[in-house]
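Below: the structure, in C-alpha coordinates.
In listed order, ligands and their atoms are each counted from 1.
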Amino acid sequence: MTGGTADERGFARLENLSGAFAASRVLHAAVKLDLFAAVGNGATAGQVAAARRLDARACELLLNAMAALELLEKRDGRFALTAASRRWLLPDSPRHLGGMVEFEAASWPLWERLEEAVRGGQPVRTPDMYQNDPAEARRFILAMHSLVRARGDDRWVAENLPLEGACRLLDVGSGPATYPMAMARAHPGLECQVFDLPATLSITREVLAAEGMSERIALHTGDYHTDPLPDGFDLVFLSNVLHGEDADACQALLHRCAAALKPGGRVVIKDHIMDRELVRPTGGAVFSLMMLLTTRGRDYGRHEYAAWLQAAGMEAPTEMALPSPPFSSSLLISRKPG
Ligand SMILES: C[S@@+](CC[C@H](N)C(=O)[O-])C[C@H]1O[C@@H](n2cnc3c(N)ncnc32)[C@H](O)[C@@H]1O
(Lines give C-alpha, C1' and ligand atoms only; values in the text may rest on other atoms or scores of the structure.)
Protein backbone atom coordinates (compact mmCIF):
# COMPACT_ATOMS: atom_id res chain seq x y z
CA MET A 1 0.00 0.00 0.00
CA THR A 2 1.30 3.48 -0.83
CA GLY A 3 1.44 5.55 2.37
CA GLY A 4 1.54 9.28 3.08
CA THR A 5 0.09 12.34 1.42
CA ALA A 6 1.01 13.43 -2.08
CA ASP A 7 3.43 15.95 -0.51
CA GLU A 8 5.07 13.27 1.61
CA ARG A 9 5.42 10.95 -1.36
CA GLY A 10 6.88 13.82 -3.37
CA PHE A 11 9.44 14.45 -0.64
CA ALA A 12 10.39 10.76 -0.42
CA ARG A 13 10.82 10.67 -4.19
CA LEU A 14 13.10 13.71 -4.12
CA GLU A 15 15.18 12.35 -1.28
CA ASN A 16 15.56 8.99 -3.04
CA LEU A 17 16.58 10.76 -6.23
CA SER A 18 19.26 12.77 -4.49
CA GLY A 19 20.87 9.64 -3.08
CA ALA A 20 20.15 7.25 -5.95
CA PHE A 21 23.81 7.23 -6.98
CA ALA A 22 24.67 5.21 -3.84
CA ALA A 23 22.45 2.33 -4.93
CA SER A 24 24.05 2.42 -8.40
CA ARG A 25 27.46 2.24 -6.79
CA VAL A 26 26.43 -0.81 -4.75
CA LEU A 27 25.64 -2.64 -8.00
CA HIS A 28 28.80 -1.39 -9.73
CA ALA A 29 31.02 -2.47 -6.81
CA ALA A 30 29.30 -5.86 -6.56
CA VAL A 31 29.92 -6.57 -10.25
CA LYS A 32 33.50 -5.28 -10.19
CA LEU A 33 34.29 -7.37 -7.08
CA ASP A 34 32.64 -10.39 -8.75
CA LEU A 35 30.37 -10.96 -5.75
CA PHE A 36 27.47 -12.62 -7.57
CA ALA A 37 29.63 -15.56 -8.61
CA ALA A 38 31.11 -15.65 -5.10
CA VAL A 39 27.63 -15.99 -3.57
CA GLY A 40 26.85 -18.69 -6.16
CA ASN A 41 24.59 -21.32 -4.60
CA GLY A 42 24.63 -19.59 -1.22
CA ALA A 43 27.33 -18.28 1.13
CA THR A 44 27.92 -16.40 4.38
CA ALA A 45 29.56 -12.98 4.35
CA GLY A 46 32.71 -14.56 5.76
CA GLN A 47 32.88 -17.07 2.90
CA VAL A 48 32.40 -14.34 0.28
CA ALA A 49 35.02 -12.11 1.94
CA ALA A 50 37.51 -14.98 2.04
CA ALA A 51 36.84 -15.97 -1.58
CA ARG A 52 37.41 -12.42 -2.82
CA ARG A 53 40.06 -11.38 -0.22
CA LEU A 54 37.91 -8.54 1.16
CA ASP A 55 37.65 -6.98 4.57
CA ALA A 56 35.09 -9.16 6.36
CA ARG A 57 33.13 -6.36 8.06
CA ALA A 58 33.02 -4.17 4.96
CA CYS A 59 32.03 -7.10 2.76
CA GLU A 60 29.11 -7.93 5.05
CA LEU A 61 27.91 -4.30 4.90
CA LEU A 62 27.99 -4.41 1.10
CA LEU A 63 26.18 -7.78 0.99
CA ASN A 64 23.53 -6.45 3.41
CA ALA A 65 22.97 -3.42 1.15
CA MET A 66 22.71 -5.75 -1.85
CA ALA A 67 20.04 -7.75 0.00
CA ALA A 68 18.19 -4.54 0.95
CA LEU A 69 18.22 -3.53 -2.73
CA GLU A 70 16.88 -6.98 -3.69
CA LEU A 71 20.05 -7.94 -5.54
CA LEU A 72 20.39 -10.85 -3.08
CA GLU A 73 18.27 -12.60 -0.46
CA LYS A 74 19.46 -13.05 3.14
CA ARG A 75 18.16 -15.64 5.55
CA ASP A 76 19.72 -16.81 8.85
CA GLY A 77 22.97 -15.06 7.98
CA ARG A 78 23.34 -16.73 4.56
CA PHE A 79 23.14 -14.88 1.26
CA ALA A 80 21.56 -16.31 -1.91
CA LEU A 81 21.04 -15.10 -5.47
CA THR A 82 17.59 -13.90 -6.53
CA ALA A 83 16.09 -15.23 -9.76
CA ALA A 84 16.95 -11.89 -11.43
CA SER A 85 20.55 -11.81 -10.21
CA ARG A 86 21.02 -15.43 -11.31
CA ARG A 87 19.78 -14.57 -14.81
CA TRP A 88 21.38 -11.16 -15.35
CA LEU A 89 24.31 -10.85 -12.98
CA LEU A 90 25.99 -14.25 -12.94
CA PRO A 91 28.95 -13.96 -15.32
CA ASP A 92 28.34 -17.30 -17.04
CA SER A 93 24.66 -16.57 -17.78
CA PRO A 94 23.91 -16.10 -21.52
CA ARG A 95 21.91 -12.98 -20.51
CA HIS A 96 24.66 -11.45 -18.33
CA LEU A 97 24.30 -7.66 -18.05
CA GLY A 98 27.75 -7.25 -16.52
CA GLY A 99 29.32 -5.62 -19.59
CA MET A 100 26.82 -2.76 -19.42
CA VAL A 101 27.20 -2.41 -15.63
CA GLU A 102 30.98 -2.14 -16.03
CA PHE A 103 30.63 0.49 -18.77
CA GLU A 104 28.24 2.53 -16.61
CA ALA A 105 30.59 2.20 -13.63
CA ALA A 106 33.42 3.51 -15.83
CA SER A 107 31.20 6.46 -16.88
CA TRP A 108 30.89 7.64 -13.27
CA PRO A 109 33.72 10.24 -13.51
CA LEU A 110 32.02 11.75 -16.57
CA TRP A 111 28.78 12.37 -14.67
CA GLU A 112 30.77 14.23 -12.00
CA ARG A 113 31.43 16.79 -14.74
CA LEU A 114 27.83 17.38 -15.76
CA GLU A 115 27.74 20.99 -14.54
CA GLU A 116 30.90 21.72 -16.56
CA ALA A 117 29.28 20.28 -19.70
CA VAL A 118 26.09 22.26 -19.14
CA ARG A 119 28.08 25.48 -18.64
CA GLY A 120 30.27 25.02 -21.68
CA GLY A 121 28.02 22.94 -23.96
CA GLN A 122 30.92 20.66 -24.90
CA PRO A 123 31.58 16.96 -24.24
CA VAL A 124 33.92 16.36 -21.29
CA ARG A 125 35.92 13.70 -23.14
CA THR A 126 37.07 13.53 -26.75
CA PRO A 127 34.00 12.40 -28.71
CA ASP A 128 35.95 9.58 -30.37
CA MET A 129 33.41 6.76 -29.96
CA TYR A 130 36.04 5.07 -27.76
CA GLN A 131 38.22 4.40 -30.82
CA ASN A 132 41.49 5.78 -29.40
CA ASP A 133 42.05 3.18 -26.68
CA PRO A 134 41.53 -0.54 -27.40
CA ALA A 135 40.48 -1.25 -23.79
CA GLU A 136 37.82 1.48 -23.94
CA ALA A 137 36.60 0.27 -27.35
CA ARG A 138 36.25 -3.25 -25.94
CA ARG A 139 34.33 -2.09 -22.85
CA PHE A 140 32.00 0.09 -24.96
CA ILE A 141 31.22 -2.52 -27.60
CA LEU A 142 30.81 -5.40 -25.15
CA ALA A 143 28.48 -3.16 -23.11
CA MET A 144 26.19 -2.79 -26.15
CA HIS A 145 26.25 -6.55 -26.73
CA SER A 146 25.53 -7.30 -23.09
CA LEU A 147 22.61 -4.85 -22.80
CA VAL A 148 20.93 -5.90 -26.04
CA ARG A 149 21.32 -9.63 -25.32
CA ALA A 150 20.24 -9.32 -21.68
CA ARG A 151 17.13 -7.31 -22.48
CA GLY A 152 16.31 -9.14 -25.68
CA ASP A 153 16.06 -6.22 -28.16
CA ASP A 154 17.83 -8.31 -30.81
CA ARG A 155 15.32 -11.16 -30.57
CA TRP A 156 12.37 -8.75 -30.52
CA VAL A 157 13.58 -7.02 -33.67
CA ALA A 158 14.35 -10.29 -35.45
CA GLU A 159 10.85 -11.61 -34.64
CA ASN A 160 8.82 -8.45 -35.22
CA LEU A 161 10.44 -6.31 -37.91
CA PRO A 162 8.74 -7.38 -41.16
CA LEU A 163 11.57 -8.60 -43.37
CA GLU A 164 9.62 -10.39 -46.09
CA GLY A 165 11.04 -9.57 -49.50
CA ALA A 166 14.32 -8.30 -47.99
CA CYS A 167 17.41 -10.10 -49.23
CA ARG A 168 20.22 -7.68 -48.37
CA LEU A 169 20.64 -5.85 -45.06
CA LEU A 170 23.23 -3.19 -44.14
CA ASP A 171 23.66 -2.40 -40.42
CA VAL A 172 25.38 0.99 -40.16
CA GLY A 173 27.21 1.52 -36.82
CA SER A 174 26.56 -2.11 -35.96
CA GLY A 175 28.92 -2.33 -32.99
CA PRO A 176 29.07 -6.00 -31.91
CA ALA A 177 26.64 -7.02 -34.72
CA THR A 178 24.12 -8.28 -32.15
CA TYR A 179 21.14 -7.29 -34.33
CA PRO A 180 22.32 -8.66 -37.68
CA MET A 181 23.28 -11.92 -35.97
CA ALA A 182 19.73 -12.30 -34.61
CA MET A 183 18.21 -11.33 -37.98
CA ALA A 184 20.52 -13.70 -39.87
CA ARG A 185 19.56 -16.55 -37.52
CA ALA A 186 15.84 -15.83 -37.90
CA HIS A 187 16.07 -15.42 -41.71
CA PRO A 188 18.56 -17.95 -43.11
CA GLY A 189 18.44 -16.43 -46.62
CA LEU A 190 19.21 -12.85 -45.49
CA GLU A 191 22.58 -11.45 -46.60
CA CYS A 192 23.92 -9.23 -43.79
CA GLN A 193 26.68 -6.63 -44.01
CA VAL A 194 27.86 -4.16 -41.38
CA PHE A 195 29.71 -0.86 -41.61
CA ASP A 196 31.66 0.51 -38.64
CA LEU A 197 34.90 2.08 -37.41
CA PRO A 198 38.13 0.01 -37.21
CA ALA A 199 38.56 -0.31 -33.42
CA THR A 200 34.92 -1.37 -33.13
CA LEU A 201 35.21 -3.97 -35.87
CA SER A 202 38.22 -5.60 -34.21
CA ILE A 203 35.84 -6.44 -31.30
CA THR A 204 33.00 -7.36 -33.70
CA ARG A 205 35.26 -9.97 -35.32
CA GLU A 206 35.87 -11.60 -31.92
CA VAL A 207 32.15 -11.62 -31.09
CA LEU A 208 31.25 -13.13 -34.49
CA ALA A 209 33.93 -15.82 -34.14
CA ALA A 210 32.74 -16.71 -30.60
CA GLU A 211 29.17 -17.01 -31.91
CA GLY A 212 30.15 -19.02 -34.99
CA MET A 213 28.68 -16.26 -37.22
CA SER A 214 31.78 -14.99 -39.06
CA GLU A 215 30.59 -16.51 -42.35
CA ARG A 216 27.12 -14.94 -42.13
CA ILE A 217 28.07 -11.27 -41.55
CA ALA A 218 30.35 -9.32 -43.92
CA LEU A 219 32.30 -6.39 -42.42
CA HIS A 220 33.07 -3.01 -44.06
CA THR A 221 35.53 -0.75 -42.26
CA GLY A 222 34.91 2.97 -42.62
CA ASP A 223 33.77 6.29 -41.23
CA TYR A 224 30.18 6.98 -42.27
CA HIS A 225 30.88 10.73 -42.35
CA THR A 226 33.50 10.46 -45.04
CA ASP A 227 33.68 6.98 -46.58
CA PRO A 228 31.19 5.69 -49.14
CA LEU A 229 28.63 3.19 -47.88
CA PRO A 230 28.14 0.05 -49.96
CA ASP A 231 24.81 0.10 -51.85
CA GLY A 232 22.02 -2.01 -53.34
CA PHE A 233 20.32 -2.89 -50.02
CA ASP A 234 16.69 -3.71 -49.22
CA LEU A 235 17.10 -2.55 -45.65
CA VAL A 236 19.48 -0.16 -43.88
CA PHE A 237 19.40 -0.53 -40.10
CA LEU A 238 20.61 2.29 -37.81
CA SER A 239 20.39 1.35 -34.14
CA ASN A 240 21.53 3.75 -31.44
CA VAL A 241 23.71 5.60 -33.90
CA LEU A 242 21.98 8.91 -34.68
CA HIS A 243 21.82 9.93 -31.00
CA GLY A 244 25.62 10.21 -31.10
CA GLU A 245 25.56 12.83 -33.88
CA ASP A 246 24.50 16.47 -34.17
CA ALA A 247 21.52 17.40 -36.33
CA ASP A 248 23.58 18.23 -39.46
CA ALA A 249 25.46 14.92 -39.28
CA CYS A 250 22.18 13.01 -38.79
CA GLN A 251 20.74 14.57 -41.92
CA ALA A 252 23.88 13.87 -43.96
CA LEU A 253 23.95 10.23 -42.77
CA LEU A 254 20.28 9.71 -43.59
CA HIS A 255 20.95 10.97 -47.14
CA ARG A 256 23.77 8.41 -47.45
CA CYS A 257 21.56 5.65 -46.08
CA ALA A 258 18.83 6.54 -48.58
CA ALA A 259 21.39 6.35 -51.39
CA ALA A 260 22.50 2.88 -50.16
CA LEU A 261 18.95 1.53 -50.68
CA LYS A 262 17.35 0.01 -53.78
CA PRO A 263 14.08 1.72 -54.81
CA GLY A 264 11.38 0.39 -52.44
CA GLY A 265 13.99 -0.39 -49.75
CA ARG A 266 13.59 0.77 -46.16
CA VAL A 267 15.61 2.65 -43.55
CA VAL A 268 14.92 1.42 -40.00
CA ILE A 269 15.97 3.70 -37.13
CA LYS A 270 16.01 2.13 -33.66
CA ASP A 271 16.51 4.58 -30.82
CA HIS A 272 14.73 6.42 -28.04
CA ILE A 273 12.19 8.29 -30.17
CA MET A 274 11.29 11.39 -28.19
CA ASP A 275 8.04 13.33 -27.99
CA ARG A 276 7.87 16.88 -29.31
CA GLU A 277 8.90 18.27 -25.88
CA LEU A 278 11.97 15.93 -25.80
CA VAL A 279 10.90 14.78 -22.33
CA ARG A 280 9.40 11.29 -22.88
CA PRO A 281 10.46 8.55 -22.70
CA THR A 282 12.12 9.51 -19.39
CA GLY A 283 15.16 7.33 -20.03
CA GLY A 284 15.72 9.10 -23.33
CA ALA A 285 15.76 12.58 -21.76
CA VAL A 286 18.31 11.45 -19.15
CA PHE A 287 20.35 9.54 -21.76
CA SER A 288 20.64 12.76 -23.80
CA LEU A 289 22.87 14.03 -20.97
CA MET A 290 25.20 11.03 -21.42
CA MET A 291 25.40 12.09 -25.07
CA LEU A 292 26.12 15.69 -23.98
CA LEU A 293 29.02 14.36 -21.86
CA THR A 294 30.52 12.14 -24.56
CA THR A 295 29.35 13.21 -28.07
CA ARG A 296 27.77 16.10 -29.99
CA GLY A 297 24.41 14.33 -30.10
CA ARG A 298 21.21 13.80 -28.11
CA ASP A 299 18.02 11.79 -28.43
CA TYR A 300 15.81 13.24 -31.20
CA GLY A 301 12.06 13.60 -31.59
CA ARG A 302 9.88 11.72 -34.06
CA HIS A 303 9.08 15.09 -35.71
CA GLU A 304 12.81 15.69 -36.30
CA TYR A 305 13.41 12.22 -37.76
CA ALA A 306 10.32 12.51 -39.98
CA ALA A 307 11.51 15.85 -41.41
CA TRP A 308 15.05 14.54 -42.05
CA LEU A 309 13.87 11.31 -43.68
CA GLN A 310 11.56 13.18 -46.02
CA ALA A 311 14.32 15.68 -46.85
CA ALA A 312 16.43 12.63 -47.80
CA GLY A 313 13.72 11.61 -50.32
CA MET A 314 12.18 8.92 -48.10
CA GLU A 315 8.48 8.45 -47.30
CA ALA A 316 6.93 9.54 -43.97
CA PRO A 317 7.99 6.95 -41.37
CA THR A 318 5.76 4.52 -39.51
CA GLU A 319 6.59 3.71 -35.90
CA MET A 320 6.72 0.42 -33.98
CA ALA A 321 7.26 0.89 -30.23
CA LEU A 322 8.94 -2.00 -28.45
CA PRO A 323 6.87 -3.00 -25.37
CA SER A 324 7.91 -1.08 -22.26
CA PRO A 325 9.11 -2.43 -19.87
CA PRO A 326 11.60 -3.89 -20.50
CA PHE A 327 12.26 -1.92 -23.67
CA SER A 328 12.48 1.84 -24.02
CA SER A 329 13.02 2.38 -27.72
CA SER A 330 11.03 2.35 -30.95
CA LEU A 331 11.59 1.57 -34.60
CA LEU A 332 10.96 4.24 -37.22
CA ILE A 333 10.53 2.62 -40.63
CA SER A 334 10.70 4.70 -43.78
CA ARG A 335 10.47 3.49 -47.40
CA LYS A 336 12.39 4.79 -50.38
CA PRO A 337 9.87 5.51 -53.17
CA GLY A 338 10.04 3.41 -56.30
C1 LIG B 1 25.97 3.08 -29.49
S2 LIG B 1 26.81 2.04 -30.61
C3 LIG B 1 25.43 1.13 -31.30
C4 LIG B 1 25.80 -0.28 -31.65
C5 LIG B 1 24.63 -1.14 -32.19
N6 LIG B 1 24.07 -0.57 -33.40
C7 LIG B 1 23.57 -1.31 -31.13
O8 LIG B 1 22.52 -0.69 -31.22
O9 LIG B 1 23.81 -2.09 -30.18
C10 LIG B 1 27.24 3.17 -31.94
C11 LIG B 1 28.04 2.49 -33.02
O12 LIG B 1 28.25 3.43 -34.09
C13 LIG B 1 29.60 3.31 -34.53
N14 LIG B 1 30.03 4.58 -35.11
C15 LIG B 1 30.10 5.78 -34.46
N16 LIG B 1 30.60 6.73 -35.29
C17 LIG B 1 30.83 6.11 -36.48
C18 LIG B 1 31.34 6.57 -37.73
N19 LIG B 1 31.72 7.84 -37.89
N20 LIG B 1 31.43 5.68 -38.74
C21 LIG B 1 31.05 4.38 -38.56
N22 LIG B 1 30.56 3.89 -37.40
C23 LIG B 1 30.46 4.74 -36.37
C24 LIG B 1 30.35 2.97 -33.23
O25 LIG B 1 31.62 2.40 -33.50
C26 LIG B 1 29.38 2.01 -32.56
O27 LIG B 1 29.59 0.70 -33.00
If you look at each N/O of ligand 1, which protein N/O atoms lie under 3.5 Å away, and at what distance?
from, atom 1, to, atom 2, distance (Å)
ligand 1, 6 (N), Gly173, O, 2.7
ligand 1, 6 (N), Ser239, O, 2.8
ligand 1, 8 (O), Ser239, O, 3.2
ligand 1, 8 (O), Ser239, OG, 2.6
ligand 1, 8 (O), Asn240, ND2, 3.4
ligand 1, 16 (N), Tyr224, OH, 3.3
ligand 1, 19 (N), Asp223, OD1, 2.9
ligand 1, 20 (N), Tyr224, N, 2.9
ligand 1, 22 (N), Asp196, OD1, 3.3
ligand 1, 25 (O), Asp196, OD1, 2.6
ligand 1, 25 (O), Thr200, OG1, 2.8
ligand 1, 27 (O), Gly175, N, 3.2
ligand 1, 27 (O), Asp196, OD2, 2.7

Is Arg13 salt-bridged to Glu8, going by a charged N under 4.0 Å from an acidic O? no
Using a strict threshold of under 4.0 Å (side-chain N to carboxylate O), is an ion pair present between Glu60 and Lys74? yes
Taking only residues two or more places apart in sequence, or in another chain, which ones meet Trp88 in a ring pair (Phe, Tyr, Trp, His ring centres under 6.0 Å)? none
Under the ring pair (Phe, Tyr, Trp, His ring centres under 6.0 Å) test, which residues partner Phe103, sequence neighbours left out? Tyr130, Phe140
Under a 3.5 Å distance rule, please check whether Asp271 uses its side chain to pair with a backbone N or O of Ile273 as donor and acceptor. no
Under the ring pair (Phe, Tyr, Trp, His ring centres under 6.0 Å) test, residues paired with His96 that sit two or more places apart: none
